[in-house]
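Sending over a structure as structure tokens; questions will come in a sec.
Being a predicted model, the structure only gives us computed values, none of them experimental. Each chain gets a letter, A, B and so on, in the order the sequences are listed, and its residues count up from 1.
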2 protein chains.
Amino acid sequence: MSKREFVVVGQDGADACCPGLLGAPLGEERAVELAKVFKALGDPVRLRLLSMIASRAGGEVCVCDLTAAFELSQPTISHHLKLLRQAGLIDCERRGTWVYYWLLPEMMNKLAGMLARPADAVEVVS
Amino acid sequence: MSKREFVVVGQDGADACCPGLLGAPLGEERAVELAKVFKALGDPVRLRLLSMIASRAGGEVCVCDLTAAFELSQPTISHHLKLLRQAGLIDCERRGTWVYYWLLPEMMNKLAGMLARPADAVEVVS
DNA sequence: CCCCCATATTGAAGTTCTTCGATCCAAGAC
DNA sequence: GTCTTGGATCGAAGAACTTCAATATGGGGG
């Protein structure tokens, strides 16, 4: 067994996001947090929900439209939306009878930054 | 229920990657494929493994080093490495007694591109 | 040839995830 | 107030995931 050790760089404060996955070994805490978000993306239904929400022109989608787009029960869609919201990927608001969801681009940018190679990661134009 | 429909743009051929999550609603097939990759990233152990592999200077890591870095059994690490490999994120080769793993940057770039906003997505400098 | 070491595979136990039907809550219409 | 409709929550069933001990495989060394 080649005796080399891994120096962990991770956890540089609550929201400091920047070494990325590819720059230095991830600390366990940060890995647990990041994994929650990727896990939220790890389901076809949730990916399609997110994509529908993100690509809608006005920036907002009514739950009724989302539910109608799948052959799944309404509670199931509601559950997936909840997971996406808990992952920090979307948010919602009730307006009268309907509830509208929209994308939170910060989290998407953060993830994209984590995946990009260190050289490319700098470039997240907001 | 507001009667609007979603036009699916998805599946533009095997590996055409480009509308991204945020540009147009994802087709089911593409969602299923993408979800597999994100699911592979949705576990803290696998995230750390990937990060260790990606950040290692020489570009390659011996399994023995990876196994030593966790308090998990050797079969468990082996299983996680297999999932990462099946997701197209890493590859490996046996050289004598040891097996070495390395990152496949194409998949990382593809994912980063999917998450980036359409405007930003163009910029994957190889 | 037989033994040893590094990984992979198998099989099983416990946990978590996905989904549903049933039910509850919020808000508008009457 | 009562009714209706959109959406969230609850509880349960089945599938999938994580982990381990045991075992198999592949190569080098004696």
Worksheet item: What pair of heavy atoms forms the shortest contact from A:Ile90 to A:Leu103, and how long is it?
Response: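 Nearest pair, atom of A:Ile90 first, then A:Leu103: CG2-CA, 4.2 Å.
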Fill in: Selected nucleotide, minimal atom distance to A:Arg46 side chain, candidates C:dT9, D:dG7, C:dT18
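Taking heavy atoms from C-beta onward, the closest nucleotide is C:dT18.
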Worksheet entry | Gap between atoms CH2 and P, on B:Trp98 and C:dC5 respectively (whole Å) |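 The answer, rounded to whole Å, is 12 Å.
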Worksheet entry | Residue pair A:Leu21 / A:Leu34, side-chain heavy-atom distance below 4.5 Å |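 Result yes, sub-4.5 Å side-chain heavy-atom pair found.
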Worksheet item: Which nucleotide, D:dT19, D:dG7, D:dA21, lies nearest any side-chain atom of B:Pro75?
Response: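 The answer is D:dA21.
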Worksheet item: Can you check whether A:Ser73 has a side-chain N or O nearer than 4.0 Å to OP1 or OP2 of C:dC20?
Response: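 Affirmative; the distance criterion is met.
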Discussion item. For a quick test of reading the model: is some side-chain N or O of B:Lys39 closer than 4.0 Å to OP1 or OP2 of D:dC17?
Written reply: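 Checking D:dC17 against B:Lys39, a side-chain N or O does come within under 4.0 Å of OP1 or OP2.
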Worksheet item: Any side-chain heavy atom of A:Trp102 within less than 4.5 Å of one from A:Glu93?
Response: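 With C-beta onward as the side chain, the pair touches.
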Worksheet item: If you measure from CG on B:Asn109 to CG on A:Leu115, what distance do you get to the nearest 0.5 Å?
Response: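 Spacing of CG (B:Asn109) from CG (A:Leu115) equals 9.5 Å.
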Worksheet entry | Phosphate contact (D:dA8 OP1 or OP2) by A:Tyr101 side-chain N/O below 4.0 Å |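 A:Tyr101 to D:dA8 OP1/OP2: side-chain N or O found under 4.0 Å.
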Item to complete: Please report, rounded to the nearest Å, how far the C1' atom of C:dT16 is from the CG atom of A:Asp43.
Response: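 Whole-Å distance recorded here is 14 Å.
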Fill in: Quiz item: B:Gln74 side-chain donor-acceptor pair to C:dA6 base, under 3.5 Å
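Flag unset: no donor-acceptor pair detected.
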Fill in: Length of the line joining A:Arg95:CZ and C:dG28:P, which is rounded to integer Å
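The answer, rounded to whole Å, is 13 Å.
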Practice prompt. Find the distance A:Tyr100:OH to D:dA8:P and express it as a whole number of Å.
Written response: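 My rounded result for the distance is 13 Å.
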Worksheet item: What is the distance, rounded to the nearest whole Å, between atom CG of A:Asp91 and atom P of D:dA8?
Response: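 A:Asp91 atom CG is separated from D:dA8 atom P by 12 Å.
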Worksheet entry | Sugar-phosphate only, base, or nothing, as touched by A:Phe70 at under 4.0 Å among non-hydrogen atoms |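 No contact.
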Worksheet item: On DNA chain C, nearest-nucleotide positions of B:Cys92 versus A:Gly96: which is more 5'?
Response: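 Taking each residue's closest nucleotide, the earlier one in sequence belongs to B:Cys92.
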Worksheet item: Under the 6.0 Å and 45° cation-pi test, does B:Arg85 pair with B:Tyr101?
Response: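 The answer is no, since B:Arg85 fails at least one limit relative to B:Tyr101.
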Practice prompt. Decide yes or no for B:Leu66 and B:Ile53: does some side-chain heavy atom of the first lie under 4.5 Å from some side-chain heavy atom of the second?
Written response: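 In contact.
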Practice prompt. Please tell me which of the listed nucleotides, C:dT18, D:dT18, C:dA8, lies nearest to the side chain of B:Val63?
Written response: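 It is C:dA8.
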Worksheet item: Between B:Lys39 and A:Asp43, is any pair of side-chain heavy atoms under 4.5 Å apart?
Response: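 The answer is no; the side chains never approach within 4.5 Å.
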Worksheet entry | Gap between atoms CG and C1', on B:Leu72 and C:dT7 respectively (whole Å) |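 Atom-to-atom, B:Leu72 to C:dT7, this comes out as 16 Å.
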Practice prompt. Go through the structure and list residues passing side chain to side chain donor-acceptor pair (under 3.5 Å) with A:Ser78, not counting sequence neighbours.
Written response: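 Here no residue qualifies.
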Discussion item. Using a strict heavy-atom distance below 4.0 Å, which residues from residues 76-86 of chain A are in contact with DNA chain C?
Written reply: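 Residues of residues 76-86 of chain A that come under 4.0 Å of DNA chain C are, in numerical order, A:Thr76, A:His79, A:His80, A:Leu83.
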Worksheet item: Where the side chain of B:Cys64 is defined as all heavy atoms beyond and including C-beta, which of C:dT7, D:dG7, D:dG6 is the nearest nucleotide?
Response: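 The answer is C:dT7, which lies nearest to the side chain.
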Discussion item. Using OP1 and OP2 only, check whether a side-chain N or O of B:Arg94 sits under 4.0 Å from D:dT25.
Written reply: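 B:Arg94 to D:dT25 OP1/OP2: no side-chain N or O under 4.0 Å.
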Worksheet item: What is the distance from CZ of A:Arg48 to C1' of C:dT18, rounded to the nearest Å?
Response: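 Answer to the nearest Å: 16 Å.
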Worksheet item: Atom CD of A:Glu71 and atom C1' of C:dT19: how far apart are they, to the nearest Å?
Response: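 Result: 14 Å.
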